[in-house]
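Have a look at the structure below, then the notes.
Both backbone and side-chain heavy atoms feed into the values below; hydrogens, waters and symmetry mates do not. Model, not experiment: these values are computed from the prediction. By convention in this document, chain letters (A, B, ...) are assigned in the order of the sequence lines, proteins followed by strands, and residues within each chain are numbered from 1.
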Amino acid sequence: MTRATPSDNRNQNCRHFSLPDAELFYWPAYLTAPAADLLQQQLSRELHWQTASIRIYGREVAIPRRQVWMGEPHCRYRYSGTDFLPEPWHPRLRELASQISQALQHPFNCVLLNQYADGQDHMGWHADDEPELGLAPQIASLSLGQSRRFDLKHRQLECQLQLLLQHGSLLLMAGTCQQYWQHRLPKQAQAKAERINLTFRYIAPK
DNA sequence: AAAGTTAAGGGTC
DNA sequence: GGACCCTTAACTT
Ligand SMILES: [Mn+2]
């Protein structure tokens, strides 16, 4: 296992959070600023961003952000009663998935991209606990652009955490984070610029 | 079939 | 205006 652990992660400029029922690892500058700038511009321009509609409490509503689901052809993804088929890999993202897989010593074969135009775009409390992701999925979250707050709260314990996800940073959610915790990206009126988030996941082939 | 809901709207401070 | 709670009421698994 060559992934950063609590004992060696300082050498790799990684912050480790050992929480009840969850492990988080945060690399503030996984990508250099110029590399992150370039990737953000490229993705913003070249991807087919969609405003999906989902059903919630009986209402059909447009999600307050734009998204793309991408990866290996077998990676079907379902949430809030809507089925998503993956777009084929963008070459740069296939490469990035492979680099992150190697760095974290964990396979990633699909990615959900979310584009938040400004602080009005957001995502409410939820967990990435879809059955196709398995019991204790590892989720690697790369942030580009506008820094945004990221909140986590335990489902049962009075335990909450706020992180600031910065341009070029990588956050790994591991352990039983998705089973015992929820997370959100709250509205932030003062955030004026675009953020793009990439959450790399692994879905086993059938 | 009971439980859970990645949403918005309306209240308060 | 904005941050934070609470409610919503119907569909899904
Ligand atoms: Mn999520």
Checklist line | Contact under 4.0 Å: A/H122 side-chain N or O vs B/dA8 OP1/OP2 | finding: yes

Note to self: Reading DNA chain C from 5' onward, which residue's closest nucleotide shows up sooner: A/T82 or A/I56?
What the structure shows: A/I56

Check: Can a donor-acceptor pair under 3.5 Å be found between the side-chain atoms of A/R55 and the base atoms of C/dT12?
Finding: no

Notebook entry, point to check: Does OP1 or OP2 of C/dT13 have a side-chain N or O of A/R78 closer than 4.0 Å?
Noted result: yes

Margin query: For the base of B/dT5 and the side-chain ring of A/Y57, does the geometry meet a stacking cutoff of under 5.5 Å between centres and under 30° between planes?
Written below: yes

Next item on the list: Would you name the heavy atoms of A/L152 and A/C177 that are closest together and state the gap between them?
Entry: CD2-SG, 4.1 Å

Next item on the list: Send over the distance from A/Q179 CD to B/dG4 P, rounded to a whole Å.
Entry: 13 Å

Check: Can A/D151 and A/R149 be counted as an ion pair, charged N to O under 4.0 angstrom?
Finding: yes

Next item on the list: Considering only NZ, NE, NH1 and NH2 on the basic side and carboxylate oxygens on the acidic side, decide whether A/D83 and A/R78 come within less than 4.0 Å.
Entry: yes

Item checked: Short side-chain N/O contact from A/Q188 to OP1 or OP2 of C/dG2, under 4.0 Å -> no

Next item on the list: Could you check how far CZ of A/R184 sits from P of B/dT5, rounded to whole Å?
Entry: 15 Å

Item checked: Residue matched to C/dA9 through Watson-Crick or wobble contacts both under 3.5 angstrom -> none

Check: Which whole number of Å gives the distance between the P atom of C/dG1 and that of B/dG9?
Finding: 14 Å

Note to self: Taking A/Q146's backbone N and O only, do any of them form a donor-acceptor pair with A/R148's side chain (distance below 3.5 Å, no angle check)?
What the structure shows: no

Notebook entry, point to check: Between the side chain of A/R66 and the main-chain N/O of A/H48, is any donor-acceptor distance below 3.5 Å?
Noted result: no

Next item on the list: Check the distance between B/dA8's P and A/W125's CH2 and give it to me in whole angstrom.
Entry: 16 Å

Check: In whole angstroms, how far is the P atom of B/dA7 from the OH atom of A/Y116?
Finding: 9 Å

Check: Rounded to the nearest Å, what distance is computed from the NE2 atom of residue A/H126 to the P atom of nucleotide B/dA7?
Finding: 8 Å

Check: Roughly how many Å is it from CZ in A/R59 to C1' in B/dG9, rounded to a whole number?
Finding: 7 Å

Note to self: Considering every strand and a 4.0 Å limit on heavy-atom distances, what is the contact class for A/P186: base, sugar-phosphate, or nothing?
What the structure shows: nothing

Next item on the list: Scan A/E130 against the nucleic acid and name what it touches under 4.0 Å (heavy atoms): base, sugar-phosphate only, or nothing.
Entry: base

Notebook entry, point to check: Between A/L185 (CG) and C/dC4 (P), how many Å, whole number?
Noted result: 13 Å

Next item on the list: Round to a whole Å and report the spacing from CD of A/E60 to C1' of C/dC11.
Entry: 11 Å

